[in-house]
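First the proteins, then the strands, lettered A, B, ... as listed; each starts at 1.
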Amino acid sequence: MSDQESKIDLQSICKNIIGIGKNYKDPLKEHVPTDEDPFIFAKPTTSLITEGSSIQIPKGWGTIIHEVELGVVIGKRAKFVSEDIAMDHVLGYVLALDMGKSLEFDKYPILLIKGFDTSCPISDFIPKSKINNVNNLNLKLSVNGNTRHDGNTQDLIHKIPKLISYLSNYFTLDYGDLILTGTPAGISTVKHGDVIEASLENLANIKFPVFEIQ
Amino acid sequence: MASQVIKVQTVCRNIIAVARNYTEHAKELGNPVPKENPLVFGKPVSSIITEGEIQIPHGWKELHHEVELGVVIGKPGKFIKPENAMDHVMGYVLVLDMTARSIQQELKKQGYPWFLAKGFDTSCPISDFIPKSAVKDVHNLNLKLTVNGITKQNGNTKDMIFKVPDLLSYISNYFKLEYGDLILTGTPSGVSGVKHGDIIEASLDDLAKIKFPVVENEK
């Protein structure tokens with residue numbers, strides 16, 4: 001890993017966070033509809049936090065939900081890129097938690113339930129060269145030591161090249177932009193006092209305490 | 001006063017917009033008027049343009065124009081009280097919140113977010129920066145938009161349901177506001193479709209004027 005790569009501070013360079021929902025195969029279903037368009041939303045960059053900070057539940061919400069995801073960091077501007085060269089535009093990765101108020105998308109604006117401050121905790125930057133096969137990475141998350149998510153990126157419905165290509169048709173992706181690629185099953189609630197730990201294989205490990213704003 | 005040209009497109013790292021903030025606009029789309037809290041959504045900063053063409057993604061055929069007052073944040077803050085909110089404002093821009101209306105309806109039906117319909121490249125044309133001092137009363141500004149010379153929207157910021165200080169205060173409770181952030185404050189009634197070849201012009205009182213041609217991408 002070069003000196004430059006190890007110093008990538010995503011919070012400083014990121015101007016855009018795009019999240020992809022419903023992107024893991026349901027273990028209970030056999031048929032996987034891959035011709036559906038991705039479920040796309042955004043989180044403001046103010047939602048980013050790194051270890052040392054805590055996840056802050058907005059006052060009065062009581063509980064929030066967790067999702068654990070592989071985040072893809074863009075290295076080279078991408079617009080109208082085809083799938084076969086999409087990976088050339090990747091700088092590296094982060095392990096990310098996509099925190100949310102709930103799954104009540106019809107009740108609250110998605111920016112509010114997915115984008116509140118501290119709703120995007122991330123690990124240190126992982127250079128692209130550190131990952132041999134991005135389609136076989138274990139994603140794990142536990143709450144107070146109890147495993148909630150235990151999945152693998154092999155179950156991504158829309159794979160990374162497809163996501164980059166699709167998004168770049170509508171949005172110019174720039175250096176530092178972050179794409180959250182979806183979560184495996186296991187969503188549950190957390191409340192004030194809980195501690196979340198998550199890992200991406202042996203590449204990244206993060207730990208974040210949860211507090212509710214008083 | 002220091003003469004510093006603020007380039008919003010360079011300093012902006014977040015765009016937060018408010019939907020249905022003018023009663024007549026909510027009604028014209030058959031939408032309920034928000035009562036308790038503003039209805040917020042986001043646009044990516046990649047959507048900002050200051051010149052050139054508004055580009056309809058290939059196949060979408062039509063977009064809706066929405067002319068809005070944009071508020072630019074100067075002083076960062078969180079949990080801002082309404083009475084202090086205007087201290088955090090450094091200026092304004094005139095904005096078009098371009099929207100792929102039929103895509104938005106389709107996404108709503110599927111239970112999908114609006115982000116694609118509101119955030120595609122060139123969906124946020126803005127004017128030059130207007131310093132705060134140039135605006136006497138932010139709640140008495142005329143917003144006008146024409147398509148091919150025909151007036152479509154002609155409203156006034158006095159008709160905002162949630163006024164600027166309340167919007168900033170509410171938004172800052174959930175999202176810390178940073179220098180350069182852009183808040184879109186809603187559009188008056190009169191939204192209509194534009195297609196390839198149309199020309200949009202808009203004005204904010206005598207403070208800003210913009211003109212953008214519309215094209216549909218061939219690819």
Side-chain angles (χ1 to χ4, degrees), chain A residues 11-22 36-49 56-61 74 77-80 82 101 103-119 166-178 213, chain B residues 9-20 34 36-49 55-60 73 76 78-79 100 103 106-123 170-178 180-181 217 219:
Chain A
Q11 275 179 302
S12 307
I13 61 173
C14 182
K15 292 203 313 282
N16 202 6
I17 304 172
I18 297 182
I20 309 292
K22 303 182 200 282
E36 281 176 7
D37 287 335
F39 177 110
I40 304 170
F41 64 96
K43 289 166 99 79
T45 52
T46 39
S47 63
L48 290 168
I49 53 169
Q56 311 253 318
I57 303 176
K59 183 174 170 181
W61 284 13
I74 299 295
R77 174 170 286 195
K79 178 75 185 177
F80 296 128
S82 58
K101 184 188 202 296
L103 294 174
E104 297 163 287
F105 301 125
D106 50 344
K107 204 167 161 194
Y108 300 99
I110 195 156
L111 181 69
L112 186 66
I113 59 175
K114 281 293 211 177
F116 59 93
D117 285 350
T118 76
S119 65
Y166 179 84
L167 292 174
S168 79
N169 285 340
Y170 301 100
F171 314 97
T172 299
L173 301 174
D174 238 325
Y175 175 85
D177 285 355
L178 175 62
I213 298 170
Chain B
Q9 67 275 22
T10 308
V11 300
C12 180
R13 287 182 63 199
N14 274 312
I15 304 171
I16 294 182
V18 169
R20 302 181 209 160
E36 272 192 56
N37 292 315
L39 179 53
V40 295
F41 65 94
K43 284 169 93 83
V45 298
S46 49
S47 64
I48 296 175
I49 54 169
Q55 297 177 10
I56 306 176
H58 177 68
W60 287 10
I73 300 298
K78 172 102 182 168
F79 301 119
I103 305 290
E106 197 50 50
L107 291 167
K108 262 193 207 169
K109 253 197 265 167
Q110 288 177 280
Y112 273 35
W114 303 349
F115 187 63
L116 184 63
K118 283 283 195 182
F120 56 92
D121 281 356
T122 76
S123 65
Y170 174 80
I171 289 169
S172 76
N173 287 341
Y174 299 100
F175 315 96
K176 62 183 168 177
L177 297 179
E178 296 186 323
D181 283 355
N217 283 343
K219 182 186 147 66

Does any backbone or side-chain atom of [X] lie under 4.5 Å from a heavy atom of chain B? Answer side chain, backbone, both or neither.
X        : result
Asn16(A) : side chain
Lys59(A) : neither
Pro58(A) : side chain

| said: Less than 4.5 Å to any heavy atom of chain A: does that hold for the side chain of Asn37(B), its backbone, both, or neither? | reply: neither
| said: Is Phe41(B) in contact with chain A via its backbone, its side chain, both, or neither, using a 4.5 Å heavy-atom distance? | reply: backbone
| query | Partners of Lys78(B) by salt bridge (charged side-chain N to carboxylate O under 4.0 Å, His left out), sequence neighbours excluded? | reply | Asp117(A)
| request: Sequence neighbours left out, what passes salt bridge (charged side-chain N to carboxylate O under 4.0 Å, His left out) with Lys43(A)? Give chain and number order. | output: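 Salt bridge (charged side-chain N to carboxylate O under 4.0 Å, His left out) check on Lys43(A) returns Asp98(A).
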| Between Ile17(A), Thr45(A), Ile110(A), the one whose heavy-atom pairs under 4.5 Å with chain B are most numerous |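 Answer, by heavy-atom pair count under 4.5 Å with chain B: Thr45(A).
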| query | Looking at Ile18(A), Thr46(A), Ile213(A), Ile40(A), which makes the most heavy-atom pairs under 4.5 Å with chain B? | reply |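 Between Ile18(A), Thr46(A), Ile213(A), Ile40(A), the count favours Thr46(A).
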| Test of ring centre spacing under 6.0 Å for Phe115(B) and Phe41(A) | no
| request: Verify whether the ring centers belonging to Tyr170(A) and Trp60(B) lie closer than 6.0 Å. | output: yes
| field | Arg77(A) side chain near Tyr175(A) side chain, heavy-atom distance below 4.5 Å | value |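 No, side chains not in contact.
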| Quick check: are there more than 12 heavy atoms from other residues, nucleotides or ligands sitting under 6.0 Å from NZ of Lys15(A)? | no
